[in-house]
Amino acid sequence: MSYNPSEIEKKWQKIWAESGAFEPSDNQNMPKKYILSMFPFPSGRLHMGHVRNYAIGDAMARYYRKQNYNVLHPIGWDAFGMPAENAAIKHGKHPKEWTYSNIAYMRGELNSLGLSFSKDREFATCDELYTKWEQEFIIKMFNEGLLYRESTTVNWCEDCHTVLANEQVEDGCCWRCDNPVTLKEMEGYYIDILKYANELLEDLELLRGKWPNQVLAMQENWIGKSQGLEFEFKLTDSSIDRLNREFKGFKVFTTRPDTIYGVTYTALAPEHPIVKALIKNELLDIDTIKAIEKISNMSEVERAKAGKEGYNLGIKVIHPLTKEEIPVWVANFVLISYGGGAVMSVPAHDERDFEFAKEYDLPIKYLISGYEEGLPYTGDGELINSYEFSNIPNQEAKRAIIELFEKEKLGKSTINYKLRNWGVSRQRYWGAPIPLVHCKSCGLVAEKLENLPITLPEDVVISGEGNPLENHPTWKECLCPKCGAKAIRETDTLDTFVQSSWYQFRYATNPKKWKEVGIDKSDVEYWLGVDQYIGGIEHAILHLLYARFFTKALRDLGFIDDLKEPFDRLLTQGMVLMNGAKMSKSKGNTVDPDKLISKYGADTARLFILFASPPQKELEWNDSAVEGAFRFLKRLYDRKSKVTTKSIPTINHSSLSKEEKFARVKVYEALEKSINVYEKTFAFNTLIASCMEALNGLDRQKNSLVWSEGLYIILHLLEPITPHICSELSEELFSSSNLKGKIEIIDEVFIQDTITLAVAVNGKRRGEIEINSNASKDEIISNAKSRVEKWLRDKSIIKEIVVPNKLVNIVVKG
RNA sequence: GCGGAUGUGGUGAAAUUGGUAUACACGCUAGACUUAGGAUCUAGUGCUUCACGGCGUGGAGGUUCGAGUCCUCUCAUCCGCACCA
């Protein structure tokens, strides 16, 4: 009978499903491995990126199960989010129904790939039980001041009709729909991730060597720590009067205190309170007000593209050291979200300040030697024109000037981060409700824990206009958990990245406890950190930063015991390409996993994906290479008639022929390679190639014992990659569908009677010799010399080098 | 601009500590079997040369008996961030 993947695969999937073979043991004395692939959003269908992600994770999980580890390999659904609402608007289907029916379909797809996920631990983040515990965490965060409400400038996506966190703005556009993001003043909820900025930065060191450098670098840049000086510019008396005595000055932050004597103007962001006051009180002329308002309405990207623009505000501050009066401008390049929205401007030594000064003809004062007249100089040098700091190297002056400010109580050494607090409110329906209540007398109050979960109403109209929870006739009406008076429920829902920030702990929690507890501390202690996390690079900042933060925050809130990092090792898989471009529906270059499986079977799909490229690299799709993978499996299946023993046979190696010995060498080379691949490099492509070589080697000989041993080992090595065919064949041939434990490597196999050595003259390969493996060095050299005699003629030999088992190099001159 | 990565046949890619460059696969060429072949099997396949040979891991140097691998410089491509003061 020839290879029939659909029959074999159905059979084994049924056996696995019925036996519960992939449920982890409750025995926490066993050595464990937690293998986690990032969970999918239930969009409706799996794509090749998913297949790749899960093929990699599954190979690892199956490998460790074979090595008798207790393996946790769970799957679930990142189920809240905009697309469910968009589908509701488009097709009139309720988001809940849409989501759960997608999950049902995709669960079937995962199953048809033969993935060894734990079924008992599967959940969707929109399950009310999941929401319940998440809301408890949020309440705890609120009580501890880690979650707060604030009115500030936010990123707004008009298309999604919601606020976005800073991390969710890519190139000035919404990460999900690519619509340009605008800035808007709005109330919302924030999680104080900045409180953990330094820990998030420093703990990256714990991940060095275990996470890709690229991801570590991206996180480091995103956190963006910088050390500098913060001080206040005091307004002149007349300026204070002009501002109706509402302000006395404003704070600025600088990383270049060494250039303090070169300040020739200061600049405020258009959203700065002083600017707002000037506008409100109509203290600027009408054209200027209009121009500033125009800038305010622009996104950061638009402002950057527009070039430098600003207006003199007609007020002045006093230089803290020289006491000179310095003009205050409003400028489009000053960001309200960083350093208080105000800067000291040193055009001589800052490119942006320089550009602005040129535009408005402001003075430029050079302070650091090495500059070129007419250009900004940002390099190092000795200070000039800097009073007592002149002639000092500027890096030294930085420290000295900060000391001076601190001594004179003018300012202080400060650390600033680029990272912003995490805005988690979304003005949408399909998300976890924020469990807070607005009470007229008590203010903002947390729900009682016994009232959790606060669930979504089912009877909503989803039109795309406004927030469906806000528009619901009765849902938001509630009683104040504190005073019992009538109150209003919060109608914002949580960012979906909140759900994916703690799912790794939920999986680890024994499902028998899911109703009683959100996260079980001892289960987490046993299973975490995740030994291997696998996912796309697109989450390098977003999800991975949030999940790292949540781990630290949940620890400090007492929900988990000491744990610094959730994911010990991270593998970022490469994209799946077709004709050099990322597979996408809009480009029409996708391959449908379902069709692939029905044509060739899951084993072929998995084999091709792992063979075509190492997991970290991009994978170029190639239909005929898929055929090749299928051919290999067919060939493997056809060779089953060669096996004559029911278990791994004992072989008298020395009695074998050359071809038989060669076959065994290839088989054992593959076995040797497998450990390194499964545990360290994940270069499954090279392991598969070794198995192919082994099969090719076996094909060149006829010894049935060598065949039996060879196929036993190959099936063993490939089982994590192509589990169905390997289970089928090993059941049929070796009465064991469950290849467990280690196979001992037989050193004898690698010992050869004769060895082939390359012979080189001056490092250039000129031929090879076959020689008895215990030949002396002199024998080898004389043998080698006669082989390359032609190249030695009329030359004098300077040196003879023998590299054992590799080559002979003869160095000549003349 | 800053940061991270990658450059090897026609293609996807291999190559412990520096030690026979191109394993394995795709494609291609020729042949066998076949009514047929997009099935299967066999042989060949880096470039160049009639040949001996020469040249070959983006480029240029260097270290070494020996460099894809180590060092210096350089070019190209990709990715991320980007007025963060």
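Below, chain A is the first sequence line, B the second, and so on; all start at residue 1. Note that the structure is predicted; figures quoted are calculated from it, not measured.
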Base, sugar-phosphate, or nothing for A:P212, non-hydrogen atoms under 4.0 angstrom?
nothing
P gap between B:G68 and B:G7, integer Å:
15 Å
So if I define the base as every atom that isn't primed, P, OP1 or OP2, how would nucleotides 44-49 of chain B read as a B/S/- string at a heavy-atom cutoff under 4.0 Å?
------
Residue A:K634, side-chain heavy atoms: nucleotide from B:C83, B:G54, B:A39 that is nearest
B:A39
Taking only the C1' atom of each, what is the distance from B:G53 to B:A32 in whole angstrom?
36 Å
Could you give the CG-to-C1' distance, from A:L577 to B:G12, as a whole number of Å?
11 Å
Within the 4.0 Å heavy-atom criterion, would you say A:W621 contacts the bases, only the backbone, or no part of the nucleic acid?
nothing
Between B:G3, B:A85, B:C81, which nucleotide gets closest to the side-chain atoms of A:W222?
B:C81
Using the C1' atom in both, what is the distance from B:U64 to B:C71, to the nearest Å?
12 Å
What string of B, S and - do you get for nucleotides 15-28 of chain B 5' to 3' if you count protein non-hydrogen atoms under 4.0 Å?
----BB--BBSSS-
What's A:V334 touching, base or sugar-phosphate or nothing? Going by heavy atoms closer than 4.0 Å.
base
Whole-Å distance, A:I609 CD1 to B:A13 C1', equals 17 Å
What's the CD1-C1' distance between A:I810 and B:G66, to the nearest Å?
13 Å
What is the distance, to the nearest angstrom, from the CG atom on A:L216 to the C1' atom on B:G4?
10 Å
Can you tell me, in whole Å, how much space there is between the C1' of B:G4 and that of B:C55?
35 Å
Could you work out the separation of B:U8 and B:A60 based on their P atoms and round it to a whole Å?
16 Å
Just to be sure I understand the rule, does A:A217 reach a base, reach only the sugar-phosphate, or reach nothing, if contact means heavy atoms closer than 4.0 Å?
sugar-phosphate
Just call it for A:V811: base, sugar-phosphate, or nothing, with non-hydrogen atoms closer than 4.0 Å on any strand.
sugar-phosphate
Could you tell me how far apart A:E170 (CD) and B:G80 (P) are, to the nearest whole angstrom?
8 Å
Nearest whole angstrom, please: distance from the P of B:C81 to the CG of A:N166.
12 Å
Among B:A5, B:A13, B:G80, the one nearest any side-chain atom of A:M218 is B:G80
With distance as the sole test, does A:D178 use its side chain to make a donor-acceptor pair with the main-chain N or O of A:C173 at under 3.5 Å?
no
Determine the interatomic distance between P on B:U69 and the same-named atom on B:G19; round to the nearest Å.
11 Å
B:G38 and B:U29, which share atom name P, separated by this distance in whole Å:
11 Å
Pair pattern of RNA chain B in dot-bracket, where unpaired bases get dots and | marks partners in another strand, Watson-Crick or G-U under 3.5 angstrom:
(((((((..(((......[....)))((((((.......))))))(((....)))..(((((..]....))))))))))))....
Any base atoms under 4.0 Å from A:K308, or only sugar-phosphate, or nothing? Heavy atoms, all strands.
base
Using 30° and 60° as the class boundaries, would you call the ring planes of A:Y360 and A:F356 parallel, tilted or perpendicular?
tilted
Presence of A:K764 side-chain N/O under 4.0 Å of B:G66 phosphate oxygens OP1/OP2:
no
Can you measure A:D350 atom CG to B:C83 atom C1' for me and round it to whole angstrom units?
9 Å
A:L542 has an atom CG; how far is it from atom P of B:G80, in whole Å?
12 Å
